[in-house]
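Okay, structure first, notes after.
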Amino acid sequence: MVKQQFLQTGRLMRLILRRDRLRLPIWLIGFLFVTIGTAALFKGLYASHEERQQMATTFDNPAVTALIGPGYGLDHYTEGAMMAHQMLAMTLLIIAVMSVLLVVRHTRSEEEEGRVELIRALPSGRLSNLTSTLLVMALTYLVLALTTGIGLYSLGIESMDLNGSMLYGAALGITGIFFAATTALFAQLAQTSKGAVGLSFLLVGLGYLIRAIGDVSNETISWFSPFGWVLGSEVYVNDYWWPIGMTLIVSLIVAAVALYLNSIRDLDAGFLSTRGGRRHATAWSRSHLGLTLRLQKTSIISWAVVIFIFGATYGSVLGDTETYFAEIEIMKEVMANQDGISMTLQFVTMVAAIMAVLSTIPVIMAINKMKKEEKRNRTEQILATAMSRYKFLGNYILVAIITSIITLGAGALGLSAAGAAVVEGDITFMELFNAIMIFLPATWVMVGLAAVFMGLGRMNGLPWLYLGFVFIVIYLGDLLQMSDAVRNLSVFEHVNSIPLEDFELIQSLVLSVIAAGLMLVGLALYRRRDVTG
């Protein structure tokens with residue numbers, strides 16, 4: 001009887017692997033490239049023990065600890081200890097996000113679109129869909145763990161031995177497995193994919209926040225966070241494997257609970273009841289623009305809060321930037337060091353650009369919501385009325401523009417409010433605020449680009465790839481010594497670096513015109529293409 005619950009699990013695993021045949025390799029190759037490439041850069045930039053110890057001293061600070069995690073081995077700061085200290089925590093955070101998105105995609109989203117019902121109508125087990133998803137995730141993270149460990153060891157760095165390198169890879173893999181299991185659990189509790197994503201990201205955010213508070217104030221608090229468990233393995237320093245084993249056991253227990261709940265709940269149901277809506281729609285919600293904005297309200301507010309906190313966190317360390325980074329060679333190369341210009345000003349421009357990229361994520365998501373509506377056959381019901389296609393896509397473009405103003409404004413407010421209080425007049429509130437808001441036209445270009453592919457009806461993932469390229473150019477362009485020809489391909493490179501440079505109206509106008517042109521092209525393409533379900 002139990003065996004029947006898992007019938008056709010293997011075939012569903014092959015289906016998931018086929019559907020994600022591009023997505024999974026891109027994720028894996030991206031992680032490998034960044035992880036191994038960064039380790040190789042550390043080896044070249046810090047050839048002597050004195051340089052590494054100097055860096056350890058500047059990074060031994062509560063603000064930095066809250067951002068990147070505790071520094072183990074600071075008294076003997078080898079390349080391995082440096083790699084684990086500066087890279088592991090942030091990489092774990094990205095892997096957690098990856099797990100949430102992939103698991104929800106193949107579980108709760110599949111139920112909402114009616115595919116799980118079709119699968120269960122065939123001779124397949126009740127638990128086969130969830131089990132196949134968890135097994136594919138486990139297989140993916142096993143591959144990531146092995147390739148990362150072998151890749152780091154193959155660099156031949158003395159402090160990165162085989163045991164430590166495999167532990168580093170295992171830390172990445174077990175984090176992915178843990179958040180895959182918790183997301184599977186939330187997919188049973190929540191009644192919608194939006195609810196499952198919200199609960200999962202809440203756990204990710206709380207876990208990282210608890211870890212940050214504990215690392216700064218009381219180490220015991222960090223052990224209430226899954227990030228604290230994994231970082232407690234002290235990779236390349238003491239190489240403790242037991243936190244990895246403990247996290248694996250907890251993950252298996254959570255996965256078992258998720259499978260049990262999946263076996264007893266009704267299809268499309270959840271264990272957490274949803275709050276009832278209004279009996280009658282407001283006048284604003286009866287318009288398509290108002291309804292579109294209302295449906296995305298929770299997402300926009302959540303992103304705005306996250307970006308505000310992110311900006312405030314970076315703003316809080318601006319006062320000590322000169323002390324932190326004046327002697328750190330890698331930060332000098334990352335931040336295009338210029339004679340006569342303070343490191344604080346250069347750091348502000350880099351942070352502002354990174355904040356702008358982060359703020360662009362919900363902007364692209366806002367316009368891509370239209371694709372989801374079309375796949376669920378809701379678009380044709382609206383277009384069957386007097387609604388024109390120009391107005392339909394135009395409303396989504398307008399919501400994306402509103403989202404850009406809100407998210408960039410939240411980041412700018414967080415950075416300027418926290419930063420102006422600690423820099424003691426060196427940089428004004430408005431300079432910090434404008435340093436991020438100046439990227440609005442570039443963000444609108446991304447809206448136009450997303451609108452073009454929405455008009456084409458395919459290749460909607462290309463704007464995401466381009467945004468990833470933009471981030472690499474901003475963060476690693478100088479370090480990788482990219483040519484001007486390559487850097488100029490990024491639209492964010494054509495924005496004034498405030499407060500290093502004066503505001504130039506012509507640049508913002510040109511970018512705004514380009515954005516408007518792309519939006520018009522998207523509208524024209526959408527007017528001519530077929531609407532599919």
Basic-acidic side-chain contact under 4.0 Å: Arg265, Glu111: yes

Chi angles and distances behind the salt bridge (Lys or Arg N to Asp or Glu O under 4.0 Å) call for Arg105, Glu113: CA-CA 11 Å; Arg105 165 182 164 83; Glu113 294 177 8; over 6 Å; no

Please find the pair of heavy atoms, one from [X] and one from [Y], that lie closest to each other, and give the distance.
X: Ile16; Y: Ser132; answer: CD1-OG, 3.6 Å
X: Gly176; Y: Ser99; answer: O-OG, 2.9 Å
X: Ala304; Y: Ile406; answer: CB-CG2, 4.0 Å
X: Ala450; Y: Ile367; answer: CB-CG2, 3.5 Å
X: Phe227; Y: Ala96; answer: CZ-CB, 4.2 Å
X: Gly411; Y: Met355; answer: CA-CE, 3.5 Å

Between [X] and [Y]: side-chain donor-acceptor atoms closer than 3.5 Å:
X: Thr175; Y: Tyr141; result: no
X: Trp444; Y: Ser512; result: no
X: Asn129; Y: His106; result: no
X: Glu112; Y: Ser193; result: yes
X: Asn488; Y: Glu493; result: no

Test log, rule side chain to side chain contact (heavy atoms under 4.5 Å, CB included), inputs Ile361 and Trp464: CA-CA 8 Å; Ile361 295 175; Trp464 292 113; 3.9 Å; yes

CA sep, side-chain torsions, deciding dist, call: Phe308, Leu415, side chain to side chain contact (heavy atoms under 4.5 Å, CB included): CA-CA 8 Å; Phe308 175 85; Leu415 180 68; over 6 Å; no

Heavy-atom donor-acceptor pair, Gln188 side chain to Ala184 backbone, under 3.5 Å: yes

Student check: side-chain heavy atoms of Phe439 and Thr360 closer than 4.5 Å: no

CZ/Arg19: more than 12 non-hydrogen atoms of other groups inside 6.0 Å: yes

Criterion side chain to side chain contact (heavy atoms under 4.5 Å, CB included) on His494 and Gln507, from CA distance to verdict: CA-CA 7 Å; His494 301 279; Gln507 283 188 330; 5.5 Å; no

